[in-house]
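Values reported hereafter were calculated over all heavy atoms of this structure, with side chains retained and with hydrogens, waters and symmetry mates removed.
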Amino acid sequence: MSTQLKIHSIMLYKLRNEAHFGLMRFIVDLFGSVPEIILTTVAPVLQAFQAGVEEEDRALELIRSSGYTPQLVVLDRFRLGLHNAVRTVVNAFLHSPVTQALNAATELKTVLDRYASLVKVTRYERTQLIFNLLQDLKIAQTDLNQLALNFLVSQLKVSNNRFYEITGQRADEEAEKALMAKMATVRAQLDALYSQMTALIQAAMIINGTADFEHFVARLNVRIDEARRTIHRAKSSDTGNDGIDGGDLTEEEPDGENGE
């Protein structure tokens, strides 16, 4: 017999580190006040999951204390926001009925597309990519004038220079890469355990009915939905995408991806 009660799906790999840890820690705490049948259900993986969350906490603390100050985080998001604003304007003018504006947008999109990886690299690699992008945009000055993008581009240059002034050392980049690699490993292991755990719960609800699981799943789903909204906000504000893809929250991803 099947059940309609399901744990909401979420693409855990899309969560930022803080949001990911927040969700995992919530789940650990949630297990502190659940019926015994739920603890029995997840017993094969619960201890490893709890240990994984503690390991993620330690890895995150290393990142927090490694010198990547709130000032740098804010500055990095600001320059990403400026980059996104430039892309948004260019994409808007790709539909312009004015030939000159359309041609300018087409040329600038070609330049911007060469730096599509800019949002996916470390902060220090991003600094160099923005330097290179700004050099290419200098050659396209006429197109920037046509779309009135000079102010945004100038602010991108200022913020990138400031970021470089604060950091600007190869050692910092290597340190960040090592910390991020450790975090990626911890998260991958934890995500695998989470998938096993949710599969065990879904199977138990089919076999035993949903009565003992309803409160647990309801609370978990509320927290999952909160985490999913952070994915949408991050996609909208920090990448080259034009806003939020996919529309309605409940249609973000198919069932079976890190949760049934």
Side-chain angles (χ1 to χ4, degrees), residues 1-64 180 182-239 244-260:
M1 182 177 73
S2 63
T3 175
Q4 295 300 312
L5 183 62
K6 290 186 176 182
I7 296 172
H8 291 175
S9 59
I10 181 169
M11 295 181 179
L12 293 172
Y13 68 90
K14 289 189 176 183
L15 289 171
R16 287 177 172 163
N17 289 330
E18 292 281 0
H20 185 278
F21 173 70
L23 176 59
M24 297 298 106
R25 171 59 71 188
F26 173 85
I27 294 170
V28 168
D29 293 343
L30 190 57
F31 281 123
S33 58
V34 296
E36 186 65 30
I37 187 174
I38 296 180
L39 293 177
T40 302
T41 298
V42 300
V45 294
L46 180 57
Q47 186 173 358
F49 182 80
Q50 291 169 327
V53 174
E54 293 304 316
E55 182 67 19
E56 183 178 28
D57 190 16
R58 289 190 290 271
L60 190 56
E61 186 57 37
L62 286 174
I63 292 174
R64 293 190 189 113
M180 292 306 170
K182 177 177 176 60
M183 176 59 81
T185 299
V186 171
R187 283 185 54 164
Q189 294 170 346
L190 197 52
D191 291 354
L193 290 168
Y194 173 84
S195 293
Q196 294 176 46
M197 184 180 299
T198 55
L200 288 170
I201 292 172
Q202 291 294 162
M205 288 193 294
I206 294 173
I207 296 171
N208 302 310
T210 63
D212 291 323
F213 295 84
E214 288 177 355
H215 182 65
F216 170 84
V217 172
R219 291 187 63 191
L220 178 56
N221 282 344
V222 168
R223 190 63 181 80
I224 288 173
D225 289 347
E226 290 176 1
R228 287 168 60 164
R229 281 189 285 272
T230 71
I231 296 173
H232 284 287
R233 288 195 293 269
K235 185 188 295 185
S236 178
S237 63
D238 286 354
T239 75
I244 299 173
D245 298 330
D248 186 75
L249 175 65
T250 59
E251 296 179 355
E252 178 191 354
E253 60 215 45
D255 287 341
E257 185 79 30
N258 288 319
E260 295 299 320

* Asked: Who are the ring-ring contact (aromatic ring centres under 6.0 Å, His included) partners of Phe216, not counting sequence neighbours?
  -> Phe31
* Evaluate the side chain to side chain contact (heavy atoms under 4.5 Å, CB included) criterion for residues Asn17 and Met180: first the C-alpha distance (whole Å), next the side-chain angles of each, then the deciding distance (0.1 Å), finally the verdict. => CA-CA 10 Å; Asn17 289 330; Met180 292 306 170; 4.2 Å; yes
* Qualifying residues under salt bridge (Lys or Arg N to Asp or Glu O under 4.0 Å), relative to Glu55, sequence neighbours excluded -> Arg58, Lys182
* Structure fact -> salt bridge (Lys or Arg N to Asp or Glu O under 4.0 Å) filter on Glu214, not counting sequence neighbours, yields none
Return the [atom1] to [atom2] distance between [X] and [Y], rounded to the nearest 0.5 Å.
| X | Y | atom1 | atom2 | result |
| --- | --- | --- | --- | --- |
| Glu56 | Thr185 | CD | OG1 | 12.0 Å |
| Ile206 | Leu5 | CD1 | CG | 10.5 Å |
| His20 | Ile231 | NE2 | CD1 | 10.0 Å |
| His8 | Asn221 | NE2 | CG | 4.0 Å |

* With a 4.5 Å heavy-atom cut-off, do Leu15 and Arg187 have their side chains touching? -> yes
* Asked: Where do Ser33 and Arg219 come nearest, in terms of heavy atoms and distance?
  -> OG-NH1, 4.0 Å
* Which heavy-atom pair separates Arg228 from Ser9 by the least distance, and what is that distance? -> NH1-O, 2.8 Å
* Structure fact -> Taken in chain and number order and not counting sequence neighbours, the residues that satisfy side chain to side chain contact (heavy atoms under 4.5 Å, CB included) with Phe49 are Met24, Ile27, Val28, Val53, Leu190, Leu193, Tyr194, Met197
* Carefully, step by step, assess Ile10 and Leu23 under the rule side chain to side chain contact (heavy atoms under 4.5 Å, CB included). => CA-CA 11 Å; Ile10 181 169; Leu23 176 59; 4.2 Å; yes
Could you list the donor-acceptor pairs under 3.5 angstrom formed by side chains in residues 36-48, with sequence neighbours left out?
from: Thr40; atom 1: OG1; to: Glu36; atom 2: O; distance (Å): 3.0
from: Thr41; atom 1: OG1; to: Ile37; atom 2: O; distance (Å): 2.7

* To do: Under the side-chain hydrogen bond (donor to acceptor under 3.5 Å, both in side chains) rule, collect the residues that match up with Gln196, sequence neighbours excluded.
  => none
* Asked: Counting only N and O atoms by type, is there a donor-acceptor contact under 3.5 Å from the side chain of Arg25 to the main-chain atoms of Asp57?
  -> no
